[in-house]
Every structure is written in C-alpha cells, then in structure tokens.
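Input: a single structure, listed below in structure tokens.
Below, chain A is the first sequence line, B the second, and so on; all start at residue 1.
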Amino acid sequence: MSDFEKRVLDLVRRIPRGRVTTYGHLARAAGSPSAARMVGYILNRQKFNPAIPAHRVVNRRGELTGRWHFETPDLMRRLLENEGVPVQDNRIPDFMQYLWIPPMPE
DNA sequence: CTACTGACTCAAT
DNA sequence: GATTGAGCCAGTA
C-alpha cells in the first residue's frame with residue numbers, strides 16, 4: 001500500500017459527519033494534485049472497510065458518481081441523507097455549503 | 001512488454 | 001453552458 005493511498009484513506013476517515021469532500025481535494029491534500037482518479041480507485045478497493053466513509057466523497061460538482069460501486073445504487077444517497085446531506089437527482093444541491101476541505105500538508 | 005480502463009480534473013475551444 | 005484532449009497511475013488482460 002503506497003504512502004499516497006494511506007494518506008488518502010486517513011483523510012477520508014477524517015471527513016466529519018454531515019460533510020462531504022471531493023476527489024480532487026483529497027488528491028491535492030494527499031500530495032498528488034492531479035491524481036483525482038486514483039482516489040476513486042483507492043476507495044473502490046476499500047469499499048468493504050466500514051471505517052472508510054466513502055459515501056462522503058463526491059466529484060467537484062457534488063455529483064454522487066461513485067454510487068454504482070456501493071452494494072445498491074441508492075445506498076450512497078441514503079447514507080448521505082441519513083447524515084443530513086440532501087441529495088437530489090444524484091447531486092447535492094448547493095453542495096459547497098457541505099464541502100469539507102481536507103487539511104493541507106505544509 | 002503493450003494496450004486499455006477508470007468513484008476525476010483542468011484548460012482550451 | 002458543452003465538448004475535447006491531456007494528465008494522472010494502479011490494475012488487468
């Protein structure tokens with residue numbers, strides 16, 4: 001498991017309940033600004049790890065692009081709504097309001 | 001070894 | 001706005 005992967009997973013674990021962040025922000029904070037695709041890939045391998053709240057990671061427009069990788073396509077939406085994050089048409093309306101920006105390394 | 005594929009993003013058009 | 005092309009890099013065939 002690469003350092004990048006470990007950093008990404010560590011950051012995902014820190015996303016507060018009821019907040020979301022994006023693949024791009026995670027990639028940047030983990031030290032590889034253009035590796036947004038890798039973030040989704042990493043989450044896919046960890047999707048059975050209950051310690052990783054992967055449903056709190058959306059793309060930069062607030063779309064639930066990862067929903068097809070959950071057990072059922074509506075699970076991601078249900079988990080978010082359970083935390084108070086509204087989802088409409090596979091997207092979080094006014095999603096900037098819920099955005100959590102991961103801490104950047106020095 | 002090469003080729004293709006993504007839970008993505010950005011800049012240019 | 002929409003579309004296109006490129007960068008990213010681990011995994012798979």
CE of A:M96: more than 12 outside heavy atoms within 6.0 angstrom?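 Counting other residues, nucleotides and ligands, CE of A:M96 stays at 12 neighbours or fewer.
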
More than 12 foreign heavy atoms under 6.0 Å from CZ of A:R91: is that the case here?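 Count not over threshold, so no.
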
What are the two closest non-hydrogen atoms of [X] and [Y], and how far apart are they?
X: A:A30; Y: A:V8; value: CB-CG2, 3.6 Å
X: A:Y98; Y: A:P93; value: CE1-O, 4.1 Å
X: A:L11; Y: A:A29; value: CD1-CB, 3.7 Å

Does this structure show an ion pair linking [X] with [Y], if we count only N-O contacts that are shorter than 4.0 Å?
X: A:R14; Y: A:D10; value: yes
X: A:K47; Y: A:E71; value: no
X: A:R19; Y: A:E83; value: no

Listed pairs, N/O of protein and of nucleotides 3-13 of chain B, under 3.5 Å:
residue	atom	partner	partner atom	Å
B:dG6	N9	A:R37	NH2	3.0
B:dG6	N7	A:R37	NH2	2.5
B:dA7	OP1	A:H69	NE2	2.7
B:dA7	N7	A:G40	O	2.9
B:dA7	N7	A:N44	N	3.1
B:dA7	N6	A:L43	O	3.4
B:dA7	N3	A:Y23	OH	3.1
B:dC8	OP1	A:T65	OG1	3.4
B:dC8	N4	A:R37	NH1	2.8
B:dT9	OP1	A:G24	N	3.3
B:dT9	OP1	A:R60	N	3.3
B:dT9	OP2	A:R60	N	3.1
B:dC10	OP2	A:R60	NH1	3.1

Would you give the length of the straight line joining atom CZ of A:F70 to atom CZ of A:R77, rounded to the nearest 0.5 angstrom?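 So the gap between those two atoms works out to 12.5 Å.
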
Can you tell me how far apart OG1 (A:T65) and CZ (A:R60) are? Round to the nearest 0.5 Å.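 It is 12.0 Å, given to the nearest 0.5 Å.
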
Residues from residues 83-104 of chain A lying under 4.0 Å of DNA chain B - heavy atoms: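 Heavy-atom contacts with DNA chain B come from no residue of residues 83-104 of chain A; none.
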
At under 4.0 Å between heavy atoms, what does A:S2 touch on the DNA or RNA strands: base, sugar-phosphate, or nothing?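 No contact.
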
Would you grab the first and last nucleotide of DNA chain C (5' to 3') that comes under 4.0 Å of any non-hydrogen atom in chain A?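 Reading along DNA chain C, I get C:dG7 to C:dG11.
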
Measuring only the P atom in each nucleotide, how far is B:dC4 from C:dG5? A whole number of Å is fine.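 About 16 Å, rounded to a whole number of Å.
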
